[in-house]
Visitor: 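This is the structure, below, for whatever I ask next.
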Amino acid sequence: MTTEIVSRVFPALESDLERVREIVGLADVPSRADLTALTRQPAGHRHLIRPTLALLSYYVLAGPERAAGVRAVKAAAAVELLHMASLQHDDVIDDARQRRGRPSVNSVWGARLAVLAGDLLFVSGSRIVAELGEREALVSAEAVQRICSGMIAETADRFLLSRTEEAYLEVTGAKTAELLSLACRLGAMQAGRDPEAEEAVARFGWHLGVAYQVRDDILDLTATPGELGKPTNSDLVEGVYTLPVIKALARDPALARLLRRGLPTAEAERARQLVLSCGAVEDARKVAVEQAEAALRRLEGVGDPESREALADYVRSVMGSVRQAGPVAVTVPAPASAPSPASVQGDVLVRVVQERLDAWLLDSGLAATREESRHPRWSGMAAATALMWPGADAEQLETLARWMLVCVVLDDLFDEPGLADHAEAARLRHRLALLIGGLDDTPPTGGAVATALAQAWERIRLIQPPSWRTRAVGHLLDWLDAAEREACHRLSGYVPSLRDQFPLRLGSAGVPVFLDAFEITCGREFEPSVRDHPLLRRLLDLGSATVLAENDLRTVDQDEATGSPYNLVRVLHHETGCTRQEAIDEVTRQVEDGYAQVDAILTSGPAILRPASGGAGSGGTGSGGGGSAPVIGVLRVVRDRLAGWRAIHDIDRYSSSATDSGTHLARLRRELLLEHAEARVAR
């Protein structure tokens with residue numbers, strides 16, 4: 001944004017801004033390189049408008065030809081840190097998903113870490129200001145106090161149709177103009193000139209801040225998302241009625257009838273068109289021009305004419321610029337557009353693996369007839385594993401498919417309609433726990449489930465280390481406990497609270513079991529530092545909640561019929577008293593928002609973490625390399641396979657075939673309970 005005139009008159013500006021970046025870059029979490037990106041997002045580093053104003057204010061008073069002193073550079077850095085902190089907090093409050101064309105910090109890292117990172121940035125900036133002196137600390141505190149007051153007033157006035165232009169300008173002067181004024185004042189203070197010149201420069205910054213905010217509010221209505229770097233028309237939808245909208249409300253009564261909470265997209269666009277068509281935008285633009293001119297008048301008699309002209313040129317560049325589009329987000333396609341198995345592995349490979357699985361189902365006894373082996377829940381497993389493990393050969397796919405198929409059977413047994421009481425669910429869980437607990441010691445013996453478990457596990461033993469197997473067995477046992485609990489809740493008609501729904505749903509879904517299967521496809525066991533990386537844990541929590549909610553939407557009719565207790569639509573409807581359709585709409589919104597955030601993590605994660613990975617060349621999923629390189633590799637693998645994994649949900653637990661879909665489960669359940677009874681008699 002620095003113009004040719006500004007660069008010529010203030011030759012040290014670019015090098016001084018680089019010094020500012022170095023100081024800003026020091027605000028991080030000590031000894032936690034994996035969290036560095038939290039405070040180094042590009043949100044506050046792109047144009048550096050506030051640090052530039054601080055330095056230009058210093059040059060105008062101290063002399064344009066020399067580099068800024070250390071104190072002036074620190075003042076500029078402090079203002080930028082305060083600005084970055086406010087952006088992080090604003091995005092959390094607004095639930096904003098983008099910031100200047102990139103995913104926002106809260107979208108990638110979550111609201112909690114975003115708020116805490118904002119706090120860290122704020123404290124870091126305040127500490128630098130305190131180092132400059134008591135007077136700097138006082139004016140900074142007063143400015144921040146006014147900024148917060150402005151934000152509170154704006155939030156209190158959301159959806160207020162009677163909001164006045166005076167109220168808007170008062171809030172704008174506080175929430176935006178104060179920070180630009182502070183930047184100019186802190187820079188001027190380091191030049192050591194008279195108070196009148198310092199005040200003039202500060203008032204220049206204040207008027208420029210008002211003009212800049214009005215310009216931003218106009219762009220929210222007139223720019224494209226690419227130009228603005230975030231969704232447009234957001235203020236109107238969120239109930240923040242800006243100057244163009246206030247002026248339009250005074251002219252067109254039809255606009256007031258449209259504006260409300262929960263404004264649908266089509267009506268929001270209609271409201272925007274009403275604002276654009278009545279001349280309100282042009283009137284608001286005149287206010288912005290007037291404020292920019294008032295800012296320049298404040299500089300009369302301050303500094304030399306050439307410096308004032310260069311500063312005026314910078315003002316024109318700020319007011320006339322439109323943010324360039326950021327990197328285009330890579331949107332994860334919906335399941336319907338996911339690649340077919342043929343494009344991943346080829347029809348022939350999938351067919352060969354499925355034929356092997358069919359034979360194994362019959363040999364192990366899981367399926368009693370050829371018809372049972374063709375149940376959709378089983379017959380699609382080869383295609384599903386091909387999507388999960390692109391590039392695998394037939395042996396690898398069969399190994400994974402056997403294991404996943406056994407896990408599916410274990411889960412389905414507790415949903416089988418014939419499971420009649422709590423005691424039976426406990427006996428079933430106990431028998432299965434004995435089989436699973438002995439997998440790595442003595443292969444289980446007995447009926448079909450024991451045989452299938454032993455045969456599937458024997459293949460796993462050949463490729464996975466003991467540590468993985470111990471962890472996987474523990475996850476399976478935990479899953480059995482959760483499956484029994486869900487069965488008992490179903491039988492008793494219990495519906496959990498919203499607070500408890502996700503933990504219960506997560507447990508009964510067996511997410512850790514399927515993450516163990518993911519490690520099989522990656523050919524290694526991930527180190528704890530990778531599994532426990534905060535960005536991967538965020539991805540896991542968010543992705544699990546989104547996938548499970550999506551599944552609940554798809555199966556809500558069947559879940560209602562069977563009394564499935566943890567379906568999010570059912571829980572939301574039960575607890576809030578909303579209509580069934582309102583609950584469906586809310587969960588649909590959560591799913592859409594969840595996938596948008598997952599997309600943000602997968603799209604931006606590698607670039608965010610790369611500075612901590614020891615270089616851009618690192619990035620595989622192997623354990624070699626430094627820093628965050630293995631995490632970057634995992635993010636890339638997940639990104640490449642997510643569309644395929646979503647397609648797997650087409651094979652859900654309510655799939656049916658020409659035969660009774662519960663026949664095989666009833667037979668297997670009775671067999672397991674008989675084994676349990678015989679074992680008790682033998683003891």
Visitor: In plain terms, say whether Arg185 and Glu198 are close enough for a salt bridge, that is, a side-chain N and a carboxylate O under 4.0 Å apart.
Guide: yes
Visitor: Is it the case that the side chains of Asp599 and Thr603 hold a donor-acceptor pair, with the cut-off being a distance below 3.5 Å and no angle test?
Guide: yes
Visitor: Closest heavy-atom contact between Ala174 and Gly150?
Guide: CB-CA, 3.8 Å
Visitor: Is the CD atom of Gln590 crowded by more than 12 outside heavy atoms at less than 6.0 Å?
Guide: yes
Visitor: Can a donor-acceptor pair be found, under 3.5 Å and without considering hydrogens, that links the side chain of Arg158 to the backbone of Glu238?
Guide: yes
Visitor: Quick check: closest heavy atoms across Leu498 and Thr576, and the distance to 0.1 Å?
Guide: CD1-CG2, 4.2 Å
Visitor: Please determine whether the number of non-hydrogen atoms from other residues, nucleotides or ligands lying under 6.0 Å from atom CD of Glu4 exceeds 12.
Guide: no
Visitor: Treating Asp16 as the side-chain partner and Val73 as the backbone partner, does any N or O pair qualify as donor plus acceptor under 3.5 Å?
Guide: no
Visitor: Given the rule in the side-chain contact (heavy atoms from CB on, under 4.5 Å) test, do Val115 and Gln88 qualify, once you have shown the distances and angles that lead to the verdict?
Guide: CA-CA 7 Å; Val115 168; Gln88 300 236 31; over 6 Å; no
Visitor: Do side-chain atoms of Ser107 reach the backbone of Pro103 as a donor and acceptor pair under 3.5 angstrom?
Guide: no
Visitor: Flag yes if more than 12 heavy atoms outside Glu267 fall under 6.0 Å of its CD atom; otherwise flag no.
Guide: yes
Visitor: Is there a donor-acceptor contact under 3.5 Å from the side chain of Arg50 to the main chain of Leu48?
Guide: no
Visitor: Return yes if a side-chain donor-acceptor contact under 3.5 Å exists between Glu136 and Gln190, otherwise no.
Guide: yes
Visitor: If you look at every heavy atom in Leu259 and Ala271, which pair is closest and at what distance?
Guide: CD2-CB, 3.9 Å
Visitor: Is a salt bridge present between Glu269 and Arg272, judged by a nitrogen-to-oxygen distance below 4.0 Å?
Guide: yes
Visitor: Between Thr52 and Leu17, is any pair of side-chain heavy atoms under 4.5 Å apart?
Guide: yes
Visitor: Just so I know, are the side chains of Leu548 and Leu568 near enough to count as touching, which here means a heavy-atom distance under 4.5 Å?
Guide: no
Visitor: Does the side-chain contact (heavy atoms from CB on, under 4.5 Å) test come out yes or no for Lys286 and Val289, once each step is laid out?
Guide: CA-CA 5 Å; Lys286 291 177 183 177; Val289 171; 5.6 Å; no
Visitor: Asn106 side chain to Ala114 main-chain N or O, any donor-acceptor pair under 3.5 Å?
Guide: no
Visitor: To the closest 0.5 Å, what do you measure between CG (Leu276) and CD1 (Ile218)?
Guide: 10.5 Å
Visitor: Any ion pair linking Arg8 and Glu306 (charged N to carboxylate O, less than 4.0 Å)?
Guide: yes
Visitor: For Arg97, is there an ion pair with Asp95 - N to carboxylate O distance below 4.0 angstrom?
Guide: yes
Visitor: Locate the shortest heavy-atom distance separating Ala280 from Ala248; write the atom from each residue and the value.
Guide: CB-N, 3.6 Å
Visitor: Any side-chain donor-acceptor pair under 3.5 Å between Asp220 and Thr242?
Guide: no
Visitor: With distance as the sole criterion, is a donor-acceptor pair present between the side chains of Ser307 and Asp304 under 3.5 Å?
Guide: yes
Visitor: Is any side-chain heavy atom of Asp94 closer than 4.5 Å to one of Val240?
Guide: no
Visitor: Output, in order, the C-alpha distance, side-chain angles, deciding distance and verdict of side-chain contact (heavy atoms from CB on, under 4.5 Å) for Val144 and Phe122.
Guide: CA-CA 10 Å; Val144 171; Phe122 176 77; 3.8 Å; yes
Visitor: To check you understand the geometry: which heavy-atom pair defines the closest contact between Trp206 and Ser181, and what is its length?
Guide: N-CB, 3.8 Å
Visitor: Taking side chain as C-beta onward, heavy atoms only, is Val556 less than 4.5 Å from Asp552?
Guide: no
Visitor: Are the side chain of Arg308 and the backbone of Glu300 linked by a donor-acceptor contact shorter than 3.5 Å?
Guide: no
Visitor: Does CD in Glu18 sit with more than 12 non-hydrogen atoms of other residues, nucleotides or ligands closer than 6.0 Å?
Guide: yes
Visitor: Donor-acceptor pair, Thr588 side chain versus Ile584 backbone, under 3.5 Å?
Guide: yes
Visitor: Measuring from atom OH of Tyr212 to atom OG1 of Thr176, what distance do you get when rounded to the nearest 0.5 angstrom?
Guide: 9.5 Å
Visitor: Spell out, as yes or no, whether a donor-acceptor pair under 3.5 Å connects the side chain of Arg163 to the backbone of Tyr241.
Guide: yes
Visitor: State plainly whether the residues Arg589 and Glu592 are in salt-bridge range, i.e. N to O under 4.0 Å.
Guide: no
Visitor: Is any NZ, NE, NH1 or NH2 atom of the basic residue among Glu199 and Arg298 found under 4.0 Å from an Asp or Glu carboxylate oxygen of the other?
Guide: no
Visitor: Donor-acceptor pair, distance only, cut-off 3.5 Å: does the side chain of His207 make one with the backbone of Ala294?
Guide: no
Visitor: Side chains of Lys175 and Arg146: does their closest heavy-atom pair fall under 4.5 Å?
Guide: no
Visitor: Please step through side-chain contact (heavy atoms from CB on, under 4.5 Å) for the pair Phe10 and Val60, ending with a clear verdict.
Guide: CA-CA 9 Å; Phe10 306 117; Val60 166; 4.3 Å; yes
Visitor: Indicate whether any N or O donor in one side chain lies under 3.5 Å from an N or O acceptor in the other, for Asp217 and Tyr168.
Guide: yes
Visitor: If I compare all heavy atoms of Leu535 with all of Gly605, which pair ends up nearest, and what's the gap?
Guide: CD2-CA, 4.1 Å
Visitor: Could Glu165 and Lys247 be called an ion pair, given the rule that one side-chain N must be under 4.0 Å from one carboxylate O?
Guide: yes
Visitor: Are Leu82 and Ser126 close enough that some pair of their side-chain heavy atoms sits under 4.5 Å apart?
Guide: yes
Visitor: Please report the interatomic distance CG(Leu602) to OH(Tyr595), rounded to the nearest 0.5 Å.
Guide: 11.0 Å
Visitor: Is there a side-chain contact between Gln291 and Leu208, using heavy atoms and a 4.5 Å cut-off?
Guide: no
Visitor: Taking the side chain from Ser544 and the backbone from Asp541, do they hold a donor-acceptor pair closer than 3.5 Å?
Guide: no
Visitor: Please check if the number of heavy atoms outside Lys74 that lie under 6.0 Å from its NZ is greater than 12.
Guide: no
Visitor: Counting C-beta onward and ignoring hydrogens, is there a side-chain heavy-atom pair between Glu142 and Glu178 closer than 4.5 Å?
Guide: no
